[in-house]
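Here is the structure we will look at, set down as structure tokens.
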Amino acid sequence: MTLRYATSTYGTGVLFDVGTVDSFLVLRESTLFSENNYAIVTAGTGQSVQVLGLVGGARGIAMINQLGGSSLNTIDVARNGSISTEYVAISVQSVATTIINSGEIRSSDGAAISLSTALDKPMGTVVNYGVISGESGGIAMSTGGALSISNYGTISNVDPLNYAVITDDGNDLLVNRGTIEGRVNLSLGDDVLRNRGLIAGNVDMLDGNDRVDTIGGTIDGAILLGAGDDTLLPGLDVENADGGQGTDTLDFSRLPGVVVALDGSLDNAGGAAGDSYTAFENIVGSQLGDDTLVGDAGANLLQGLGGKDALYGQAGDDRLAGGRGADTLDGGDGDDQLDGGEGNDSLFGGLGADTLTGGAGNDTLTGGGAGRDLLTGGAGADKFAFTLDDVAGTSIAAANYDQILDFTRADKDKIVLAAIDAKVGVAGDQAFAFIGAAAFHNLAGELRISPVDGGYAVMGDTNGDGVADFVIGVTTSAALVAGDFVL
């Protein structure tokens, strides 16, 4: 391969047709200016064009032959180099092209960089340390596969109706540590935006399972995640985000503690202060801070991670995970799954058939409300607490009773019935009398056990008719004794 170079050249048509073999160098302090065409055209593989001087006129550089498989080409604009044209400054129709800009790439009536390739081929990489600015966009891709953009400088569009950056199909990556003046559209595909700088405009991710991480950055516009299962990692600046269709997640794991209510019942606070979130289903809380996370009427996943967290599922079949710390979990209505994780947690299932897992620590588990609940305490001295609303009307015959799945006396577990009035016909709150495996004596306030598969059924008679008014199942290898209860 031969390296060709040019001193100052003015004219019409293509000034330098490099062909398919040679690379090209625009010397420092040289000017290439075509009044009506591209100044430089290449059509090969493994070619490079380096700009130390100025390329101007109607159009700048064209790397063509998309269908022919032109690939692995490089355009390098040096710090004092410049491509400044009326129409497209750089047009790329090839595969896996790298554009590195440390100077200026500008178009007064077109896109600064226009890209296209076959849909199943990687577009390539754009790395910007300088300025990329176009009337119809700084970087615009019409067709093609994955594109990677790393911006440390400034990318802008002159016309506010256009996009500063717009891509097409493919799993695109945009890393912004500088400034993007204008809107961003990463279009179709599973795209990733990591913003540590400023984006002065809306961000539209469109379809795909996208990820937007703006921790340490600012987006002065709406964040529109579009269809797909998307994830947003908000920053500390005020954000306005719409998850769109799909199952979308707010991830605050790298921020201080937050207050976020998907149902709008609380004002967002802490690391989410001033933010507005629409159409999100899941929340991940802070690694270290204390979070208050509230779901909505849909099926939510709420994760507290570290800190002393309070999680409220509300209506819907929710999953709540406390993580580390002494957490409070309330499933609300629906068939919920609650996992306290590490720490001394309080779990309340609410209405519905709920599954409660305490995890490590001295936990308190309350099924709460109608529905057959399954309770697992895990390691530690756990309390399995019941209310009359939770267990009333249950029976062995219907097998609709709540079940404790891992009662362990050695761990000092307790079955807490103190919230149930043992004698409904007597004023005040009466405690049960434990009578072991004996039959009821037609006396209100008796509590007995009966062997069932895997353990025992705990039955209480609150009105003295000799019939159990509630049943609780307990999986255990040893017969229950009075000391296992808080009556």
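Keep in mind it's a predicted model, so treat the numbers as computed, not measured.
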Exercise. Mind listing the closest non-hydrogen atom pair of Leu305 and Gln287 along with its distance?
Key: CD1-CD, 3.9 Å

Self-check item: Intermediate values then yes/no, side chain to side chain contact (heavy atoms under 4.5 Å, CB included), Met459 and Ile396
Solution: CA-CA 9 Å; Met459 295 174 284; Ile396 289 181; 3.8 Å; yes

Quiz item: Is Glu239 close to Leu232 at the side-chain level, that is, under 4.5 Å between some pair of heavy atoms?
Solution: no

Practice problem: Could you check Ser346 against Thr328 for side-chain hydrogen bond (donor to acceptor under 3.5 Å, both in side chains), going step by step and ending with a plain yes or no? | Solution: CA-CA 5 Å; Ser346 297; Thr328 299; 4.9 Å; no

Quiz item: Hey, does the side chain of Asp159 reach the backbone of Ser136 with a donor-acceptor pair shorter than 3.5 angstrom?
Solution: no

Quiz item: Does any N or O in the side chain of Asp204 come within less than 3.5 Å of the main-chain N or O of Asn185, such that one atom is a donor and the other an acceptor?
Solution: no

Quiz item: What distance separates Thr97 OG1 from Leu147 CG, expressed to the nearest 0.5 Å?
Solution: 10.5 Å

Practice problem: Verify side chain to side chain contact (heavy atoms under 4.5 Å, CB included) between Asp421 and Leu388, making sure each step is shown before the conclusion. | Solution: CA-CA 8 Å; Asp421 184 4; Leu388 189 58; over 6 Å; no

Quiz item: For the side chain of Asp339 and the backbone of Ala321, is there at least one donor-acceptor N/O pair under 3.5 Å apart?
Solution: no

Quiz item: So how far is it from Leu174 CG to Leu193 CG, rounded to the nearest 0.5 Å?
Solution: 5.0 Å

Exercise. State, without any angle test, whether Asp389 and Thr387 hold a side-chain donor-acceptor pair at a distance under 3.5 Å.
Key: no

Practice problem: For Asp169 and Leu188, indicate whether the former's side chain and the latter's backbone hold a donor-acceptor pair under 3.5 Å. | Solution: no

Self-check item: More than 12 heavy atoms of other groups within 6.0 Å of Arg177 CZ
Solution: no

Quiz item: Taking Asn195 for the side chain and Gly217 for the main chain, is one N or O donor matched with an acceptor at less than 3.5 Å?
Solution: no

Quiz item: Has the side chain of Ser286 got a donor or acceptor atom that lies under 3.5 Å from a matching backbone atom of Leu255?
Solution: yes

Quiz item: Would you find a donor on one side and an acceptor on the other, under 3.5 Å apart, between the side chain of Asp317 and the backbone of Ala299?
Solution: no

Quiz prompt | Set of residues satisfying side-chain contact (heavy atoms from CB on, under 4.5 Å) with respect to Asn282, sequence neighbours excluded | solution = Thr247, Thr249, Leu301

Exercise. Would you confirm whether Thr462, through its side chain, and Ala422, through its main-chain N or O, come within 3.5 Å as a donor-acceptor pair?
Key: no

Quiz item: At what distance, to the nearest 0.5 angstrom, does CD1 of Ile404 lie from CG of Leu375?
Solution: 6.5 Å

Practice problem: For Thr475 and Gly455, indicate whether the former's side chain and the latter's backbone hold a donor-acceptor pair under 3.5 Å. | Solution: no

Exercise. Before giving the answer on side chain to side chain contact (heavy atoms under 4.5 Å, CB included), spell out for Phe434 and Ile449 the whole-Å C-alpha distance, their side-chain angles and the decisive distance to 0.1 Å.
Key: CA-CA 9 Å; Phe434 182 72; Ile449 61 173; 3.8 Å; yes

Quiz item: Yes or no on side chain to side chain contact (heavy atoms under 4.5 Å, CB included) for Asp330 and Leu320, after CA distance, side-chain angles and deciding distance?
Solution: CA-CA 8 Å; Asp330 187 336; Leu320 279 58; 5.5 Å; no

Exercise. Locate the shortest heavy-atom distance separating Val260 from Ile283; write the atom from each residue and the value.
Key: CG1-CD1, 3.8 Å

Quiz prompt | Note: Arg211-Asp190 ion pair, threshold 4.0 Å (strictly below) | solution = no

Quiz item: Are the side chains of Ile420 and Val391 in touch, meaning some heavy atoms are under 4.5 Å apart?
Solution: yes

Self-check item: Inter-residue atom distance Ile99.CD1 - Met123.CE, 0.5 Å rounding
Solution: 7.5 Å

Quiz item: For the side chain to side chain contact (heavy atoms under 4.5 Å, CB included) test, which of Asp406, Thr366, Leu405, Asp484 pairs with Phe384?
Solution: Asp406

Practice problem: Under the side-chain hydrogen bond (donor to acceptor under 3.5 Å, both in side chains) rule, what do Asn128 and Asn151 come out as? Steps first, then yes or no, please. | Solution: CA-CA 5 Å; Asn128 179 51; Asn151 178 50; 2.8 Å; yes

Exercise. May I ask you to check whether Phe432 and Phe470 place their ring centers less than 6.0 Å from one another?
Key: yes

Exercise. Kindly say whether Asn400 contributes a backbone atom to a donor-acceptor pair with the side chain of Gln403 at under 3.5 angstrom?
Key: no

Quiz item: Out of curiosity, Arg319 CZ to Asp336 CG, how far, rounded to the nearest 0.5 Å?
Solution: 11.5 Å

